[in-house]
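See below for the structure under consideration.
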Amino acid sequence: MKILAIESSCDETAAAVVEDGRRVLSSVINSQVAEHRVYGGVVPEIASRRHCENIVPVVQGALDEAGVPLAGIDAVAVTAAPGLIGALLVGVNYAKGLALAAGKPLVPVHHIRGHIAANYLAHPELEPPFLCLVVSGGHTHIVEVRSYTDFRVVGRTRDDAAGEAFDKSARAMGFPYPGGVYIDEAAGRGDPGKYKLPKPRVEGAPYDFSFSGLKTAVINLLHNAGQKGEEVDADSLAASFQRTVCEVLTSHLEAAAKELGYRVVAAAGGVSANSGLRAALGEMCRKNGFTLYVPPLSLCGDNAAMIGAQGYYEFLANPPAALSLNAAPSMDIAAAFSARD
């Protein structure tokens with residue numbers, strides 16, 4: 001079964017053709033990072049306009065790269081939630097029109113479910129159940145993957161996502177957008193023990209996260225040093241920040257896996273590309289005898305291949321969506337799309 005998948009939840013216009021949920025036949029991504037870097041972050045209106053301009057050639061490029069005509073596609077999958085509403089609407093409406101015109105089933109996919117499914121493309125042997133840490137610019141979750149379409153959130157951020165904290169702290173340190181990759185590079189040159197930073201916890205919710213206070217601590221440290229005319233070692237501050245975030249993420253996942261009895265854990269999302277996090281997760285799993293799955297760097301960020309992978313399992317489990325399907329800026333990973341034929 002060949003799925004044509006479309007992703008437009010933020011600032012990447014992406015399309016892919018995926019076979020049987022496990023094999024990528026094509027993957028095309030048009031990134032807007034350079035344009036948004038000028039503003040220090042994603043501008044939703046600009047992102048939506050660029051999706052409108054890029055979606056036709058990106059989808060056609062994915063079909064051409066796969067060597068599959070639209071008639072050879074079995075279903076059209078699209079990210080319908082969560083994300084920037086204007087950006088999502090471009091992908092959802094284009095997918096609806098394409099599915100209607102071609103007479104193909106329409107399959108809505110939850111963006112976080114897609115990130116988790118990136119692991120299926122890289123690791124054919126991986127099957128649920130397992131525990132997954134999802135970390136990106138907009139999301140930080142510990143998710144119990146009970147089956148390909150049955151999920152339970154074990155922990156989530158109460159404020160800033162890990163990726164958001166990376167980007168905002170990086171901006172305060174003077175690094176360009178997106179800041180996560182620059183912090184990762186700087187951390188390799190710095191001393192992670194030079195600056196003591198807080199590890200926020202959520203009272204009564206041991207698996208939930210809170211990164212707002214950590215971000216504020218970095219900003220205050222820089223502000224106070226500036227007021228006193230003191231120089232800050234940016235590389236060591238980046239290293240200290242990265243180590244703190246990685247320790248929080250890893251310790252929460254470790255505790256949840258032990259309590260719930262999981263021996264197989266995974267990571268997904270843009271921040272799973274961070275070298276410090278990958279090393280910390282690897283060490284934690286070696287210590288506990290856990291099996292760890294992490295996608296390759298090419299599948300960590302937003303892409304349509306992951307949507308095609310999850311779309312395959314959604315198609316098998318649910319009836320196709322009706323043309324009344326709408327995009328949703330926020331939606332729990334465990335929720336089901338209501339617009340069905």
Side-chain angles (χ1 to χ4, degrees), residues 1-9 12-30 51 54-81 83 88 90-124 126-128 145 147-151 268 295-296 298-323 325 327 333 336-337 339-341:
M1 176 179 287
K2 296 180 178 66
I3 304 283
L4 171 63
I6 297 170
E7 155 65 28
S8 68
S9 64
E12 276 87 22
T13 312
V17 177
V18 177
E19 187 174 53
D20 296 335
R22 297 281 177 159
R23 182 173 173 232
V24 181
L25 302 184
S26 68
S27 180
V28 177
I29 303 173
N30 184 292
H51 287 312
N54 297 327
I55 194 164
V56 174
V58 165
V59 170
Q60 187 60 55
L63 291 170
D64 292 344
E65 184 180 298
V68 179
L70 186 57
I73 294 298
D74 295 294
V76 178
V78 62
T79 303
L88 286 167
V90 176
V92 168
N93 284 314
Y94 186 80
K96 285 163 67 173
L98 200 62
L100 177 63
K104 305 295 180 180
L106 178 65
V107 182
V109 176
H110 191 286
H111 185 74
I112 301 179
R113 292 189 182 194
H115 272 304
I116 294 171
N119 281 291
Y120 302 145
L121 298 172
H123 308 288
L126 176 61
E127 295 180 350
V145 184
S147 76
Y148 289 111
T149 56
D150 182 14
F151 303 82
S298 61
L299 292 174
C300 289
D302 290 351
N303 65 88
M306 67 185 196
I307 302 304
Q310 184 61 28
Y312 170 76
Y313 296 105
E314 299 291 344
F315 179 80
L316 296 180
N318 302 301
L323 292 177
L325 174 73
I333 189 175
F337 289 96
R340 300 292 188 190
D341 283 327

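Note that the structure is a prediction, hence the values are computed from the model and not measured.
Tyr94 meets the side chain to side chain donor-acceptor pair (under 3.5 Å) test with no other residue; sequence neighbours excluded. Looking at residues two or more places apart in sequence or on another chain, you find no side chain to side chain donor-acceptor pair (under 3.5 Å) involving Asn303. Residues satisfying the ring pair (Phe, Tyr, Trp, His ring centres under 6.0 Å) test with Phe151, not counting sequence neighbours, are none. Applying the side chain to side chain contact (heavy atoms under 4.5 Å, CB included) criterion to Ala327, with sequence neighbours excluded, gives Ile85, Leu88, Leu89, Val92. Applying the side chain to side chain donor-acceptor pair (under 3.5 Å) rule to Ser27 yields no partners; only residues at least two apart in sequence or on another chain are considered. For Arg23, the side chain to side chain contact (heavy atoms under 4.5 Å, CB included) criterion is met by Glu19, Leu25, not counting sequence neighbours. Judged as a side chain to side chain donor-acceptor pair (under 3.5 Å), and not counting sequence neighbours, the contacts of Asn30 are Asn54. Remark: Val28 pairs with Val58, Ala62, Glu65 by the side chain to side chain contact (heavy atoms under 4.5 Å, CB included) rule, at least two apart or across chains. With sequence neighbours excluded, the residues that form a side chain to side chain contact (heavy atoms under 4.5 Å, CB included) with Ser147 are Thr149, Asp150. Under the ring pair (Phe, Tyr, Trp, His ring centres under 6.0 Å) criterion, Tyr312 pairs with no residue, sequence neighbours left out. Listed by chain and number, the residues in a ring pair (Phe, Tyr, Trp, His ring centres under 6.0 Å) with His110 amount to none (sequence neighbours excluded).
With rounding to the nearest 0.5 Å, the separation of CG in Leu4 from CG in Leu98 is 6.0 Å. Atom-to-atom distance recorded for Leu323:CG and Lys96:NZ is 6.5 Å, nearest 0.5 angstrom. For the atom pair Asp302 CG and Thr13 OG1, the distance stands at 10.5 Å (nearest 0.5 Å). Separating the CD1 atom in Ile6 from the NE2 atom in His51 is a distance of 12.0 Å, to the nearest 0.5 Å.
Heavy-atom minimum distance, His123 versus Arg22: O-NH1, 3.3 Å. When all heavy atoms are compared, the tightest approach of Ala305 to Leu299 is CB-CD2, 4.3 Å. Nearest heavy-atom pair, Cys300 versus Pro295, reported as atom, atom and distance to 0.1 Å: SG-O, 3.7 Å.
Within the structure, salt bridge (Lys or Arg N to Asp or Glu O under 4.0 Å) pairs that include any residue of residues 102-122 comprise Arg113-Glu314 (at least two apart or interchain).
The side chain to side chain contact (heavy atoms under 4.5 Å, CB included) test with Val78 singles out one residue from Val107, Ile307, Leu106, and that residue is Leu106.
Under a 3.5 Å cut-off, the side chain of Asp74 and the backbone N or O of Ile3 do not form any donor-acceptor pair. Looking only at distances, a side-chain donor or acceptor of Ser26 sits under 3.5 Å from a matching main-chain atom of Val17.
Below 30°, between 30° and 60°, or above 60°: for Tyr120 and Tyr313 the angle between ring planes is above 60°, a perpendicular geometry.
Two residues are said to be in side-chain contact when any heavy atoms from C-beta on lie closer than 4.5 Å; Ile116 and Ile333 meet this criterion.
No side-chain donor-acceptor contact under 3.5 Å links Gln310 and His115.
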